[in-house]
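Read through the structure below, which is laid out as structure tokens, and then see the notes.
All values below come from the heavy atoms of this structure, side chains included, with hydrogens, waters and symmetry mates left out.
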Amino acid sequence: MPVEFLGIAYTNNASETTARSGLSFDKDYTLKLARAHEDHGWDRVLFAYGSDTPIPTPAAGWLAAKVERLQILLAHRPNVSYPTYAARSFATLDHISEGRLTIHFITGGNDHEQRREGDTLTKDQRYSRTREYIQIVKKVWSSREPFDHEGEHYRFHDYVSDVFPIQEPHPGISFGGSSPAAYAAGGAEADIYCLWGEPLADTAQQIEAVWAAARAAGRTDRPRIQAAFRPIIATTEELAWEKAHHTVEAIRVRRAARQPPRGHKPDGPENTGAQRLIAIAAKGERFDRALWTPTSAATGGEGNSNALVGTPETVAKALLDYYDLGVDIISARGYDLLGDAVDFGRHVIPVIREEVARRDREGADRGPHLLEKITAGI
């Protein structure tokens, strides 16, 4: 199966190592970053969601009208709008983007962050709500006749929309999480299941858990798997590792300057994904070919934070190991958002695409069961 690449559609130039130099929604930078992805082989970019950041839906609509090929992954939290309204918003955006839209549903792993926008549900309740929300959105997208809904979290009557997506049967549904509740909800409803970058063995276990949840939900297909990394590349291994250590130091300095971050919990993060990343970092700094955990440790396991360090060839080989496990979509974001998007697109993406095409021609086997063979070849 062809591999796909997901970058970031950030609305300013800030990162964990750099303070932003302009407005929170810098339209010129947003467009420049997107075009850098489009011009250098990326397939789609993510508009992330934060309770205090620019609203991603109108920003994505604006960008979709400015680029020609690039696909949009739009992050959305169910607590911020009613599902009937959201379904129409997404359908409208699918028209604006000419069918280049995928929706990433975020359940929320931090109680403080959720409560900032009035969401007081527990984690398990949020997963239940997200699953019901996705089901409603799918039905609104497909129903040409009015229908009622009486669920645990939503109730409405005689609803039918007059705007439907371009894509058939509907835009893709993306989902993420590392808890049993997440596997159950995403395994049942998602077209794409998103994982943070972990060691190969841990990733293989998570893929098996997601696919098992899909089977338990009665699906005959299974979600495609996405894995996210922070590549740190340079022309030589020595320069790449020097760059990596400078990056971690910059993260620590910037984080110390804004301590404590809002929502920070001294006893550690609430969400399972971040807890996993911290636990992996406690076991060691380096795993497999190129996975490096100090970037994650420096941020407290915050989001996509494990790095892949090395030359473009080393990082490409490491990512091909994940492809062999069953990862179809590679999410990558550097610390210099613009420059790293260009470098990764120029020097890593073509190598991976060429090798994946060769393996597809030869009918190479893939899946978590190949882990022993993959690790033996390192």
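Ring pair F147/F156 is perpendicular by interplanar angle, where above 60° counts as perpendicular and below 30° as parallel.
For the pair R77 and F105, the cation-pi criterion (under 6.0 Å, within 45° of the ring axis) is not fulfilled. R126 forms no cation-pi arrangement with Y133, by the criterion of a distance under 6.0 Å to the ring centre and an angle within 45° of the ring axis. Geometrically, R222 engages W211 in a cation-pi contact defined by less than 6.0 Å to the ring centre and at most 45° from the axis.
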Under 3.5 Å, which donor-acceptor pairs link side chains of residues 59-70 to any protein atom two or more places apart or in another chain?
from	atom 1	to	atom 2	distance (Å)
R69	NH1	W42	O	2.9
R69	NH2	E38	O	2.6
R69	NH2	W42	O	3.0

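In terms of modelled atom types and a separation under 3.5 Å, the side chain of T203 and the main chain of P199 share a donor-acceptor contact. Within the 3.5 Å criterion, the main-chain N or O of E198 finds no donor-acceptor partner in the side chain of N306. In this structure, T18 contributes its side chain and A14 its backbone to no donor-acceptor pair below 3.5 Å. A donor-acceptor contact shorter than 3.5 Å links the side chain of S161 to the backbone of V163. Panel note: side chain S97, backbone D94; a donor-acceptor pair is recorded below 3.5 Å.
By the side chain to side chain contact (heavy atoms under 4.5 Å, CB included) test, Y85 pairs with S81, R88, S89, sequence neighbours left out.
Remark: the Y183 side chain and the Q206 side chain contain an N/O donor-acceptor pair separated by less than 3.5 Å. Defined by atom type and a distance below 3.5 Å, a donor-acceptor pair is missing between the side-chain atoms of S178 and T272.
A salt bridge links R44 with E4: at least one charged nitrogen is closer than 4.0 Å to a carboxylate oxygen. With respect to the salt-bridge test (charged N to carboxylate O, under 4.0 angstrom), the residues D340 and K243 qualify. Of the charged side-chain nitrogens involved, none lies within less than 4.0 Å of a carboxylate oxygen, so that R359 and D365 do not count as a salt-bridged pair. Using a 4.0 Å cut-off between a side-chain N of Lys or Arg and a carboxylate O of Asp or Glu, R358 and E362 qualify as a salt bridge.
Summarising the local packing, CZ of R155 is surrounded by 12 or fewer heavy atoms from other residues, nucleotides or ligands at distances under 6.0 Å.
Here the options are D328, D321, D324, the test is salt bridge (charged side-chain N to carboxylate O under 4.0 Å, His left out), and the partner is R366; only D328 passes.
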